Amino acid sequence: MTPGHRWGVSLAAAATTIALVAGSAATANAAPPTVPAIDLPAGNSGDSSFIFEYGAPSPPSRLLTIGSDTTRILFDPPFGPAGPEMFCKLVASDGTTIAERLWEDDWWSTDHGLDVPAGAISDDGALYTASCVTQMESRSEARWTLVGDAGAPAELTLNHSAEKATRITERDPLDGCCAPDDIAIAPGERIRIRGSAGIWFPLGSAVRLEARIEGSSGGTVPAEQVSATSDGSVLGLTIPSGIAAAPGDRLRVFVESTSTVSGGATSADQVLTRLWNHSFVVAEKQATTTALTLDRRYALTSRTAVNARVVVTDPAGGQVDGTVTLIVDGRSGPATTVVGTGSASAVLRLPALSRGPHTVVAVFGGSERLLGSTSPTRQVRILL
């Protein structure tokens with residue numbers, strides 16, 4: 001095997017799932033932009049599924065009661081049927097179904113009532129759950145937690161009441177717009193999934209990140225190998241370098257980010273899960289080196305031009321094609337395409353810089369047959 005090539009041994013054909021969970025601190029250890037990665041789009045929001053939850057034994061502002069005198073429930077969930085059917089039911093705390101009803105094409109033209117059998121409900125504080133669900137491409141469900149109480153009405157209306165809401169959960173698939181399937185990837189490479197700020201989670205929320213890899217390969221993913229930027233715009237995942245995978249194996253990477261913005265006594269918790277998945281094919285890739293030189297170490301003012309020359313080399317002498325990016329003081333500039341045989345180079349101008357020292361790093365992002373690489377750090381100082 002040529003030095004620099006990386007992969008593990010072949011696995012048996014049985015599918016294996018790799019799971020990873022990281023807590024809200026995951027955003028603090030996000031891999032810096034100087035780590036080469038395969039950049040992919042998060043894409044746009046897809047058809048979200050929702051769960052609306054209402055009612056709780058406490059506080060009193062959220063109490064919803066049902067009792068032995070209740071003979072009918074009228075449903076008015078916060079959604080219409082996403083298709084020809086709506087199914088509602090009332091169940092006891094042990095999961096026993098007390099009553100249920102399926103509305104088909106008659107949802108729009110009939111009442112939305114469910115009859116409660118006599119003697120089915122106690123008045124001793126027992127918990128019950130009423131729910132309605134509709135589904136076509138996406139799913140919407142409303143759940144009401146009810147407490148058995150002798151003062152409950154004979155006819156109970158269950159609807160969207162903001163002051164009774166305890167949690168609203170959204171599962172939103174991202175479409176990864178326009179990224180081709182079966183992108184070549186090598187064990188040890190990193191995937192960087194980009195979008196606008198907040199695409200993965202809103203700022204200030206508690207975040208739980210999960211990633212799994214399905215295919216004919218398996219292994220353990222360290223928790224520190226998945227992370228996100230604090231503004232929720234980029235999520236990164238490293239394919240384990242020790243994963244057993246042969247060239248040509250196909251892997252599907254699934255990523256989830258679940259964020260929670262806590263509510264209060266009169267406002268609901270907001271839970272958002274964003275989901276993304278993509279198909280990759282395992283490939284043998286050649287290691288590269290990236291060199292960076294600056295045409296000066298000192299510049300008089302910010303108006304003085306400072307140029308950087310970046311050279312990417314394939315030690316095996318093959319075709320070099322891809323993009324290089326300058327990282328100045330931790331901030332990425334635009335990507336520049338480089339092409340060559342054995343090596344490829346580009347001369348890039350640094351942005352205007354303020355007085356003082358500045359660090360510069362060049363990153364080659366890799367290609368279908370080449371691993372990415374990062375240059376040593378260089379420094380330039382602006383004198384005035």
Side-chain angles (χ1 to χ4, degrees), residues 21 24 45-67 70 72-83 85-103 107 112-114 116 120-122 125-149 151-153 155-173 201-202 204-208 210 256-275:
V21 177
S24 58
S45 297
D47 294 322
S48 291
S49 296
F50 290 90
I51 300 176
F52 304 87
E53 299 178 66
Y54 306 92
S58 64
S61 61
R62 286 192 172 133
L63 185 65
L64 289 168
T65 60
I66 188 172
T70 304
R72 190 166 176 79
I73 298 175
L74 296 179
F75 290 105
D76 184 18
F79 47 80
E85 296 183 350
M86 180 81 74
F87 179 70
C88 300
K89 64 180 179 178
L90 173 66
V91 300
S93 58
D94 63 359
T96 301
T97 298
I98 298 171
E100 60 184 27
R101 182 173 175 181
L102 173 65
W103 287 269
W107 171 260
H112 310 146
L114 180 66
V116 180
I121 306 298
S122 68
L127 297 180
Y128 302 87
T129 301
S131 63
C132 289
V133 63
T134 183
Q135 180 167 353
M136 200 158 73
E137 286 84 4
S138 58
R139 177 184 174 94
S140 293
E141 181 178 358
R143 301 173 186 167
W144 295 267
T145 297
L146 310 172
V147 179
D149 185 87
E155 187 172 82
L156 175 64
T157 299
L158 298 179
N159 54 20
H160 169 65
S161 173
E163 65 271 16
K164 304 294 185 183
T166 59
R167 182 182 294 108
I168 300 175
T169 302
E170 178 183 3
R171 287 179 64 84
D172 181 16
F201 48 81
S205 58
V207 182
R208 182 174 185 263
E210 298 183 63
E256 294 186 13
S257 171
T258 300
S259 60
T260 302
V261 177
S262 298
T266 58
S267 60
D269 293 346
Q270 302 286 330
V271 180
L272 170 64
T273 296
R274 286 271 164 76
L275 306 100

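Below, all heavy atoms of this structure are taken into account, side chains as well, without hydrogens, waters or symmetry copies. Keep in mind it's a predicted model, so treat the numbers as computed, not measured.
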Self-check item: Rounded distance [0.5 Å steps], OG1 in Thr96 versus OH in Tyr128
Solution: 10.5 Å
Exercise. Measure across Val116 and Arg72 and return the closest heavy-atom pair with its distance rounded to 0.1 Å.
Key: CG2-N, 4.1 Å
Exercise. Looking only at non-hydrogen atoms, find the nearest pair between Ala152 and Ile66 and report the distance.
Key: CB-C, 3.3 Å
Practice problem: Over all heavy atoms of both residues, which pair between Trp103 and Gly113 is shortest? Give the atoms and the distance, please. | Solution: CZ2-O, 3.5 Å
Quiz item: Does Asp47 offer a backbone N or O that forms a donor-acceptor pair with the side chain of Asp172 under 3.5 Å?
Solution: no
Quiz item: What are the two closest non-hydrogen atoms of Gly263 and Asp269, and how far apart are they?
Solution: N-OD1, 2.7 Å
Exercise. Using modelled atom types only, decide if a donor and an acceptor are shared between the side chain of Lys164 and the backbone of Leu63 within a distance under 3.5 Å.
Key: yes
Practice problem: Mind running side chain to side chain contact (heavy atoms under 4.5 Å, CB included) on Arg171 and Glu256 for me, showing each step along the way? | Solution: CA-CA 10 Å; Arg171 287 179 64 84; Glu256 294 186 13; 3.8 Å; yes
Quiz item: With Glu141, which of Val133, Thr134, Thr169 fulfils side-chain contact (heavy atoms from CB on, under 4.5 Å)?
Solution: Val133
Quiz item: Below 4.5 Å, heavy atoms only, C-beta onward: do Glu170 and Ser48 meet side chain to side chain?
Solution: yes
Self-check item: Interatomic distance, Leu146 atom CG to Thr129 atom OG1 [nearest 0.5 angstrom]
Solution: 7.0 Å
Quiz item: Quick one: CZ on Phe87 to CD on Glu100, what's the gap to the nearest 0.5 Å?
Solution: 4.0 Å
Quiz item: Just wondering, do Leu156 and Leu158 contact through their side chains at under 4.5 Å, heavy atoms?
Solution: yes
Quiz item: So which of Tyr54, Trp144, Phe79 actually passes ring pair (Phe, Tyr, Trp, His ring centres under 6.0 Å) with His160?
Solution: Tyr54
Quiz item: Can you tell me how far the CD atom of Glu210 sits from the CG atom of Leu275, to the nearest 0.5 Å?
Solution: 9.5 Å
Quiz item: Rounded to the nearest 0.5 Å, how far does CG of Leu90 lie from CD1 of Ile121?
Solution: 5.0 Å
Quiz item: Considering all heavy atoms of both residues, which atom of Pro59 and which atom of Ala265 are nearest to each other, and what is their separation?
Solution: CG-O, 4.3 Å
Quiz item: Minimum heavy-atom separation for Arg62 to Thr166, with atom names?
Solution: CD-CG2, 3.4 Å
Quiz item: Given Glu85 and Leu102, is the side chain to side chain contact (heavy atoms under 4.5 Å, CB included) satisfied, shown in steps?
Solution: CA-CA 7 Å; Glu85 296 183 350; Leu102 173 65; 4.1 Å; yes
Practice problem: Would you give the length of the straight line joining atom CD1 of Ile73 to atom SG of Cys88, rounded to the nearest 0.5 angstrom? | Solution: 9.5 Å
